[in-house]
Amino acid sequence: MTNRNRRQFLADVGKGMLLASVGPALAADLGLARASAADGPERLTFGDREPLVALMQDTPAAKLLPLLVGKLKDGTGLGDLVAAAALANARTFGGEDYTGFHAFMALLPAYQMAKELPADRAALPALKVLYRNTQRIQEFGGRKREVLHPVAAAELPKDRPGGEVLREAVRKGDTGAADGVFAALTTGPIGEAYNHLQYTIQDELDVHRVVLAWRAWATLDLAGQEQAQTLLRQSVHFCLDEEAQLRKRQRQPEIRTVLPKLLDQYKLPGKSPGTRTADDAWVEHLAGTVYASNGAKAADAVAAALAEGMAPAAVAEAISLAANRLVLCDPGRTKGQTSEGKPEGSIHGASVGVHASDAANAWRNIARVSDARNAVASLIVGAYHTAGQSGGQSQQPQPHPEQLEKIRAKDAATLLSHAEDAIKERDQARAAALVHRYGELGLPERPVFDLLLRYAISEDGALHAEKYYRTVTEEFATSRPAFRWRQLVALARVTASEYGFPAAGYQEACRLLKV
């Protein structure tokens, strides 16, 4: 061995010892990991957030919560922890792991739930999801199996919208081309890149496709606009995965012909959004049409309403109301539809109504933040997505008259106490009836939210508790008085359904926070 080779060898040994002693997060900050990383794909790193991101990725789940509570006590903001977890999730899974992207979609709702709690309990919902997030990262393989890596921007054609170019690359299943196109789009204004991404989001119907796209955008408020490419690229990879499944099944989604046909038929592109107000009867009628129709008919009804100048917010409310009815009319899982944590009769988790409500909420939000073309397109696709799912539903929504007749109490304290008893007994019908009667009496909604929030945090919810709680919170706030309590009645049903399956990490978080 020459003197130079010996010196290099000893330097590498010394670097290895230092890497082992300082840990991967600090090593990355010091630039010590670059030589070993050169043997594989280059890694995404996140500047001054990298130590926290690495902590979320590399810490065994069993050791995570004490470290995070220590960070909080030392002054790290809860939002910083959630942002770091989102970046760790995106880098690891890239939108390609079912449990992984569910954890991502729960992060921001958990942080938003924290704002509804007293200071001593505020961290609970986030800690629960941070535990789930890291646990899945560890199960997946952590940094050894990271999906997202740095990508060079492609050169975009000047004669075509970038959204069409991206959609074409995804349809072909060309991951390299799709990544390069999206990287190029994100060199410009992030809002424009998000508008271009919608061409691909609208190309197929899946609740995770649209909710992931919305939650990734909303998470930029915590993680920062500079992380837009990483967070939004998850959707590109999710759509690539879904396209591969479509090719295997040799299926072309009908929405790919329905959407362009309706946009052209009603001459919607280029039009400014309408401002016509809608009365309760109009919203109820459109909701009934969406609920009872097939996808193409529901999409046509919404396109016609938008062409007539109806305000997008009124149309979105009708779609949400139709999705809410799917929760209230859900007959529950049959014996052949059960799985761990989702017994016979349950309606929580990946049920038709919860999925439809989360999707309708995401379509409404995307329509709200997008350009004029995507505002109308998102609502047309949202109507198609919500429709065609009422087969096998109960004819009458909860609560049924016979349940309401049993409710004698009229004061808030008694109704809330009985509602909590119904939740703990997993009596969906009674929980729904009690909350319905509470709202009917004009009592304040906050105590009901507080009750249902408690169990949205403590229970597992089959990966959906946080998302659906946030969906109901937002839809209640934006719905007119005639309809908003239906959202809380649905949440009461779902809460009673999910009770009895405690969330991993919750008890430890309570102990560490001393609550």
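We number each residue from 1, following the sequence as shown. Only heavy atoms go into these numbers, but all of them, side chains included; no hydrogens, no water, no symmetry mates. What you see is a predicted model; the values in this text were computed from it and never measured.
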Please find the pair of heavy atoms, one from [X] and one from [Y], that lie closest to each other, and give the distance.
X	Y	result
I201	C239	CD1-SG, 4.1 Å
L197	S235	CD2-CB, 4.1 Å
L231	A90	CD2-CB, 4.0 Å
V472	L488	CG1-N, 4.2 Å
L326	A356	CD1-CB, 3.6 Å
P273	P312	CB-CG, 3.8 Å

(request) Please step through side-chain contact (heavy atoms from CB on, under 4.5 Å) for the pair R167 and R256, ending with a clear verdict. (result) CA-CA 11 Å; R167 184 178 61 194; R256 294 183 181 180; over 6 Å; no

Roughly how far, to the nearest 0.5 Å, is [atom2] of [Y] from [atom1] of [X]?
X	Y	atom1	atom2	value
R249	Q245	CZ	CD	6.0 Å
R333	S497	CZ	OG	6.5 Å
I380	L306	CD1	CG	6.0 Å
S351	Y468	OG	OH	8.0 Å
L491	T471	CG	OG1	10.0 Å
Q250	K248	CD	NZ	12.5 Å

Regarding [X] and [Y], does a basic nitrogen lie under 4.0 Å from an acidic carboxylate oxygen?
X	Y	answer
R132	E466	yes
E284	R480	no
R486	E317	no
R364	E474	yes
R136	E139	yes
R454	D450	no
D80	R49	yes
R209	E242	yes

(message) Quick check on ring-ring contact (aromatic ring centres under 6.0 Å, His included): which of Y98, F104, W214 does H208 satisfy it with?
(response) Y98

(message) Check for me whether R373 meets the cation-pi criterion with Y199, that is, NZ or CZ under 6.0 Å from the six-membered ring centre and within 45 degrees of the ring axis.
(response) yes

(message) Does atom NE2 (H285) have a neighbourhood of more than 12 heavy atoms from anything else shown, all under 6.0 Å?
(response) no

(request) Determine whether more than 12 heavy atoms belonging to other residues, nucleotides or ligands lie under 6.0 Å from atom CD of Q396. (result) yes

State whether the side chain of [X] and the backbone N or O of [Y] hold a donor-acceptor pair below 3.5 Å, judged by distance alone.
X	Y	answer
S390	Y291	yes
N89	A85	no
R276	G309	no
S479	F476	no
K467	M105	no
H348	G461	no
S378	W363	no

(message) What verdict does the side chain to side chain donor-acceptor pair (under 3.5 Å) test give for D371 and N374, after you've listed the backbone C-alpha separation in whole Å, the side-chain angles of each residue and the deciding distance to 0.1 Å?
(response) CA-CA 5 Å; D371 61 17; N374 284 317; 3.2 Å; yes

Would you call [X] and [Y] a side-chain contact if the rule is heavy atoms closer than 4.5 Å?
X	Y	answer
Q135	Y131	yes
T200	F182	no
H237	L148	yes
L205	P253	no
V258	K261	no
V82	L108	no
Y266	V376	no
W217	N365	no

(request) Sequence neighbours left out, what pairs pass salt bridge (Lys or Arg N to Asp or Glu O under 4.0 Å) with at least one residue falling in residues 170-199? (result) E168-K172, R171-D203, D179-R233

(message) For a side chain to side chain donor-acceptor pair (under 3.5 Å) check, start with the C-alpha distance between D460 and Y506, then their side-chain angles and the critical distance, and finish with the verdict.
(response) CA-CA 9 Å; D460 176 73; Y506 172 74; over 6 Å; no

(request) Sequence neighbours left out, what pairs pass side chain to side chain donor-acceptor pair (under 3.5 Å) with at least one residue falling in residues 320-330? (result) S320-E475, S320-Q487

(request) Using the side chain to side chain donor-acceptor pair (under 3.5 Å) rule, take E116 and Y469 through it: C-alpha gap first, then chi angles, then the decisive distance, then the call. (result) CA-CA 12 Å; E116 301 179 41; Y469 178 86; 2.6 Å; yes

(message) Applying the side chain to side chain contact (heavy atoms under 4.5 Å, CB included) criterion to L107, which one of L222, V129, T219 satisfies it?
(response) V129

(message) Quick one, L156 with L185, criterion side-chain contact (heavy atoms from CB on, under 4.5 Å). Give me CA distance, side-chain angles, the key distance, then yes/no.
(response) CA-CA 8 Å; L156 297 178; L185 293 172; 3.7 Å; yes

(request) Determine, stepwise, if the pair R43 / R143 fulfils side-chain contact (heavy atoms from CB on, under 4.5 Å). (result) CA-CA 9 Å; R43 296 190 74 222; R143 65 177 58 226; 2.8 Å; yes

(message) Assess, by modelled atom type and distance only, whether the side chains of Q398 and R493 contain a donor and an acceptor separated by less than 3.5 Å.
(response) no

(request) Verify the distance criterion only: is there a donor paired with an acceptor across the side chains of T92 and Q57 at less than 3.5 Å? (result) yes

(message) Would R91 and E50 count as a salt bridge (charged side-chain N to carboxylate O under 4.0 Å, His left out) here? Give the steps.
(response) CA-CA 11 Å; R91 180 166 70 185; E50 182 60 30; 3.1 Å; yes

(message) Working note: L81 + M56, criterion side-chain contact (heavy atoms from CB on, under 4.5 Å); need CA distance, chi angles, decisive distance, verdict.
(response) CA-CA 9 Å; L81 296 183; M56 299 291 181; 3.9 Å; yes

(request) Have a look at Y384 and tell me which of E254, Q202, K297 forms a side-chain hydrogen bond (donor to acceptor under 3.5 Å, both in side chains) with it. (result) E254

